[in-house]
Amino acid sequence: MTTARPSWHPSLSMFLRRTVLVGAITLALMALAGWVIGALTGLWQVLYAGPVLALAYNILFEDPLRWRRIRQDRWSLDETAITYHSPDGDNMIPLADITQVRVRPGWTVVIYLKGGMRVRMAYIARPRAVAQRILDARDGLTP
């Protein structure tokens, strides 16, 4: 009996969570900058225009393009490697080359490799569990 290989893909809900969080932070920073500019120069229109333009750029251009670029990415784990499947082809990351696995702000798993290279798994659901699964597989390699 064979066991299913664990696999992961970008989650739309994680992507939307990131988009809302980054949008809220951008809105707050742009409003603060607009308030400072308005207070110093009397141009209060900046208080309204800056946040609206920043959010429009994020929502209409940057985020949809980012999602289109990564939505087809797939990662699968087997006994000796992680395979990255993308529209451009497949790449294998030997588990023996992994030195560290970290979780970045809630939606990204970063795999550190020998030689200083890093591989990013973006918008993965349950990133802590994924990171632990990869580390367990690496630690389970027979010497």
Side-chain angles (χ1 to χ4, degrees), residues 1-40 44-143:
M1 179 177 179
T2 61
T3 58
R5 293 178 5 178
S7 65
W8 306 281
H9 58 87
S11 164
L12 181 59
S13 64
M14 296 300 282
F15 176 78
L16 293 173
R17 180 185 303 174
R18 177 231 171 246
T19 299
V20 168
L21 180 63
V22 169
I25 291 169
T26 301
L27 180 66
L29 291 174
M30 292 301 291
L32 178 62
W35 182 80
V36 169
I37 291 170
L40 293 175
W44 290 103
Q45 298 86 346
V46 175
L47 178 61
Y48 307 109
V52 169
L53 292 175
L55 284 178
Y57 172 76
N58 250 3
I59 292 170
L60 296 175
F61 298 106
E62 181 182 346
D63 289 337
L65 291 176
R66 183 179 308 199
W67 179 249
R68 277 190 221 119
R69 239 184 353 258
I70 61 127
R71 70 181 174 195
Q72 295 177 0
D73 291 355
R74 299 290 178 267
W75 301 85
S76 60
L77 176 65
D78 63 28
E79 298 81 24
T80 60
I82 297 172
T83 304
Y84 170 58
H85 310 277
S86 75
D88 296 330
D90 296 349
N91 292 306
M92 293 187 74
I93 303 166
L95 292 176
D97 288 351
I98 297 174
T99 60
Q100 205 171 18
V101 181
R102 292 187 185 168
V103 177
R104 292 287 178 234
W107 52 74
T108 302
V109 175
V110 180
I111 302 169
Y112 292 84
L113 305 173
K114 292 177 183 174
M117 194 170 180
R118 292 181 292 189
V119 178
R120 183 173 169 252
M121 298 171 69
Y123 313 114
I124 300 295
R126 298 179 311 279
R128 292 192 192 290
V130 171
Q132 190 59 50
R133 184 83 184 249
I134 293 168
L135 286 172
D136 290 346
R138 181 206 59 190
D139 294 344
L141 288 175
T142 53

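FYI, the numbering just counts along the sequence from 1.
- To the nearest 0.5 Å, atom CG of residue Leu21 and atom CZ of residue Arg17 are 9.5 Å apart.
- Rounded to the nearest 0.5 Å, atoms CZ (Arg118) and CD1 (Ile111) are 12.5 Å apart.
- Note: Ile82 CD1 to Met121 CE = 6.0 Å, rounded to the nearest 0.5 Å.
- Between Pro87 and Asp73 the shortest side-chain heavy-atom distance falls below 4.5 Å.
- Note: Tyr123 OH to Thr19 OG1 = 6.5 Å, rounded to the nearest 0.5 Å.
- Between Met14 and Pro127 the shortest heavy-atom distance is CE-CD, 4.4 Å.
- Looking at heavy atoms from C-beta onward, Val119 lies out of side-chain contact with Tyr84 at the 4.5 angstrom threshold.
- Between the OG1 atom of Thr83 and the CE atom of Met92 there is a distance of 4.0 Å, given to the nearest 0.5 Å.
- Distance check: Thr80 OG1 to Ile93 CD1 gives 12.0 Å after rounding to the nearest 0.5 Å.
- Using a 4.5 Å heavy-atom cutoff, the side chains of Ile134 and Trp75 are not in contact.
- A cation-pi arrangement is present between Arg102 and Tyr112, with the terminal nitrogen or guanidinium carbon under 6.0 Å from the aromatic centre and inside a 45° cone about the axis.
- Between Phe15 and Trp67, the two ring planes are tilted [angle within 30° to 60°].
- Ile98 has its side chain within reach of Leu113: a pair of non-hydrogen atoms, C-beta onward, lies under 4.5 Å apart.
- By the salt bridge (Lys or Arg N to Asp or Glu O under 4.0 Å) test, Arg138 is found to be paired with no residue, residues two or more places apart in sequence or in another chain being considered.
- Considering every non-hydrogen atom in both Ala131 and Val103, the closest pair reads CB-CG2, 3.9 Å.
- Within 6.0 Å of the CZ atom in Arg126, the count of heavy atoms belonging to other residues, nucleotides or ligands does not exceed 12.
- Minimum interatomic distance between Leu95 and Ala81 (heavy atoms only, all atoms of both residues): CG-N, 3.7 Å.
- A donor-acceptor contact shorter than 3.5 Å is absent between the side chain of Ser76 and the backbone of Ser7.
- Heavy atoms of other residues, nucleotides or ligands lying less than 6.0 angstrom from CH2 of Trp44 number more than 12.
- Atom CZ of Arg74 sits in a crowded spot, with more than 12 heavy atoms from other residues, nucleotides or ligands closer than 6.0 Å.
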